There are 2 protein chains.
Amino acid sequence: MVTDTKTNLLNSAEHAARTRGFDGFSYADLAAEVKITKASIHHHFANKATLAVALMQRYHTDLKAACAEIDLEHATGAACLSALISRYHGALEGGQSLCLCVSFSTSIESLSAQTIAEMNSFRSMMIEWISQKFRQGKEDGSIQHVLDPEAEAAALLPLLEGAQLAARVAQDTQRFEAALRLVSQRFQT
Amino acid sequence: MVTDTKTNLLNSAEHAARTRGFDGFSYADLAAEVKITKASIHHHFANKATLAVALMQRYHTDLKAACAEIDLEHATGAACLSALISRYHGALEGGQSLCLCVSFSTSIESLSAQTIAEMNSFRSMMIEWISQKFRQGKEDGSIQHVLDPEAEAAALLPLLEGAQLAARVAQDTQRFEAALRLVSQRFQT
DNA sequence: GTCTATACCAAGATAGAC
DNA sequence: GTCTATCTTGGTATAGAC
C-alpha cells in the first residue's frame with residue numbers, strides 16, 4: 001500500500017514527538033526521514049503549530065476508534081480495561097516512546113491554544129470511556145470494589161500516563177506493569 | 001538573606017525546566033532572570049548537561065529532606081503520605097508547573113547518561129520511602145486494605161506524576177485532587 | 001566572576017523557479 | 001508538490017579583556 005506524503009509526515013512527526021517531545025524534534029528531522037526538503041513540509045503543514053493540531057486530532061480519532069474496537073471484542077468491563085492497559089503498554093515500544101498526550105504535556109507553553117484544546121478534548125473522551133467501563137465492570141461483577149466509577153477513571157488515566165513516564169525513565173517496561181498491578185488485580189478473568 | 005549567583009541560576013533553571021521542560025528553556029532565559037550575561041552562566045555551569053545534573057542532584061536532596069521532615073512531623077503512615085501528596089499538589093503552582101523529574105522525562109533523549117542516572121536514583125529513593133509509609137500505615141491501621149506495600153508504592157509515585165500532567169493540561173488543580181481521591185479515601189484521619 | 005564580542009549551527013519560515 | 005536559495009532568529013559555546 002502506498003502512503004501519501006502528508007500521512008508519512010504525520011507518522012514521522014508522531015514518532016518523533018513521542019520519543020523526543022514537541023520541542024525535541026524539528027522539520028529537518030522529518031525531512032530526513034520522509035526524504036523531502038524542509039521547505040516542502042511547509043506545503044503540507046504551514047507551521048509547527050498546525051502540525052501539532054493535526055497530530056492531536058488524528059491521535060484522538062485513533063484512540064476513539066481503538067476504544068470502539070475494544071468494546072466490540074471484549075465482553076466485560078474488566079476485559080475492556082485490560083485491553084486499554086495493554087494498548088498503553090504497547091505504546092511504550094520497550095521504553096522508548098510515550099503516548100502523544102503525555103509527550104506534549106511538558107511542552108504546553110510551546111503549544112497553541114487550539115492544540116491544548118484538542119488535548120483536553122482527547123482526555124475528556126478517554127475519561128468518559130473509562131468511567132463507562134468501570135460502571136460496566138461494577139454491574140457485571142468483573143471488577144472488584146468499585147464504589148465510584150468517575151473517581152476510578154479520574155485516577156486510571158493519570159496512572160497510565162505516569163506509569164509510562166516511570167517505564168521511560170527506567171528504560172524498563174516492568175515499571176509500567178508494576179504500577180498497574182494493583183488495579184489489574186481487581187479484574188476478574 | 002543574600003543568595004549567591006550559582007543558587008540564583010539553579011532556582012531560575014529549576015522553575016524554567018518545570019514550566020517549559022528541559023528543551024524549552026535556554027541560557028538566555030536564565031541570563032535575563034538572574035541579570036547576568038549568557039557567557040557568565042558558563043562560568044558556573046560549563047554546559048547545559050552539567051546544569052541538568054546539578055538540578056537533579058539538588059532536587060533529590062531537597063525531596064529527601066522533605067520526606068525526612070514529614071517523618072518527624074507526622075505520626076501515622078497515612079498522615080505522612082497525605083503530606084507528600086500535599087507537597088506534589090503544591091508543586092503544581094496552580095497548574096503552571098510540574099515536578100522536575102516529570103518535566104525531564106519527556107526530554108530523555110536530550111539528557112546525559114548521568115542525568116538519567118540521577119533521575120533513577122531519585123525515583124528509587126521516593127519509591128522506598130513510600131513503600132515504608134505503606135508498611136507503617138498497614139501496621140498502625142491508618143491506611144485501609146494494604147496488602148502489598150511495594151505494589152502500592154510502585155503505583156502511587158506514577159499516579160502523583162500523572163496527576164500533575166492531568167492538572168497541567170487542564171490548567172486545573174482539581175484534576176490532581178480527583179486523581180488522588182481514591183487513594184486518599186483509604187487514609188484514616 | 002563578569003563582561004563584550006563573536007563563532008558556529010540549527011531552528012522555523014518564505015520567495016520564487018520548475 | 002517539490003525544489004534551491006535565502007532570511008531571521010535564537011541556540012550553545014568560546015576567547016579574551018577587565
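Labels below follow one simple rule: chain letters A, B, ... track the order of the sequence lines, proteins then strands, and each chain is numbered from 1. Keep in mind the model is a prediction, meaning the values are calculated, not measured. All values below were derived from every heavy atom in this structure, side-chain atoms included, with hydrogens, water molecules and symmetry-related copies excluded.
Residue pairs meeting the salt bridge (charged side-chain N to carboxylate O under 4.0 Å, His left out) criterion with at least one member in residues 65-81 of chain A, sequence neighbours excluded: A:D71-A:K133. For residues 117-130 of chain A, the set of pairs meeting the salt bridge (charged side-chain N to carboxylate O under 4.0 Å, His left out) definition, not counting sequence neighbours, comprises A:R123-A:E161.
Under the ring pair (Phe, Tyr, Trp, His ring centres under 6.0 Å) criterion, A:F122 pairs with A:Y59, not counting sequence neighbours. With sequence neighbours left out, the salt bridge (charged side-chain N to carboxylate O under 4.0 Å, His left out) criterion links A:D148 to no other residue. When the ring pair (Phe, Tyr, Trp, His ring centres under 6.0 Å) test is applied to B:Y27, the partners found at least two apart in sequence or on another chain are B:H42. A:E93 meets the salt bridge (charged side-chain N to carboxylate O under 4.0 Å, His left out) test with no other residue; sequence neighbours excluded. For A:A153, the side chain to side chain contact (heavy atoms under 4.5 Å, CB included) partners two or more places apart in sequence, or in a different chain, are A:I127, A:I130, A:S131. B:A91 meets the side chain to side chain contact (heavy atoms under 4.5 Å, CB included) test with B:R18, B:Q164; sequence neighbours excluded. Residues meeting the ring pair (Phe, Tyr, Trp, His ring centres under 6.0 Å) test with A:F134, sequence neighbours left out: none.
Within residues 13-23 of chain A, no residue is approached by DNA chain C to less than 4.0 Å at the level of any non-hydrogen atom. Only at 4.0 angstrom or more do the heavy atoms of residues 101-115 of chain A sit from any atom of DNA chain D, so none qualifies.
Between B:L30 atom CG and D:dA13 atom C1' the separation is 14 Å, expressed in whole Å. The CG atom of B:L51 sits 10 Å away from the P atom of D:dT12 (whole-angstrom rounding). Taking atom CD1 of residue A:I41 and atom C1' of nucleotide D:dT2, one finds them 12 Å apart after rounding to whole Å. In this structure, the NE2 atom of A:H43 is 16 Å from the P atom of D:dT4, given to the nearest Å.
For the residue pair B:T5/B:N8, the side-chain donor-acceptor check at 3.5 Å is not satisfied.
At least one donor-acceptor pair under 3.5 Å links the side chain of B:R168 to the backbone N or O of B:Q96.
When the side-chain nitrogen and oxygen atoms of B:S40 are compared with OP1 and OP2 of C:dC3, one or more of them lie within a distance under 4.0 Å. At the phosphate of C:dT2, neither OP1 nor OP2 sits under 4.0 Å from any side-chain N or O atom of B:T37. In this model, the phosphate group of C:dT2 is approached by a side-chain N or O of B:T5 to a distance below 4.0 Å at OP1 or OP2.
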(message) Counting primed atoms plus P, OP1 and OP2 as sugar-phosphate and everything else as base, spell out the protein contacts along nucleotides 5-18 of chain C at 4.0 Å heavy-atom distance: B, S or - for each nucleotide, 5' to 3'.
(response) B-----SBBBB---

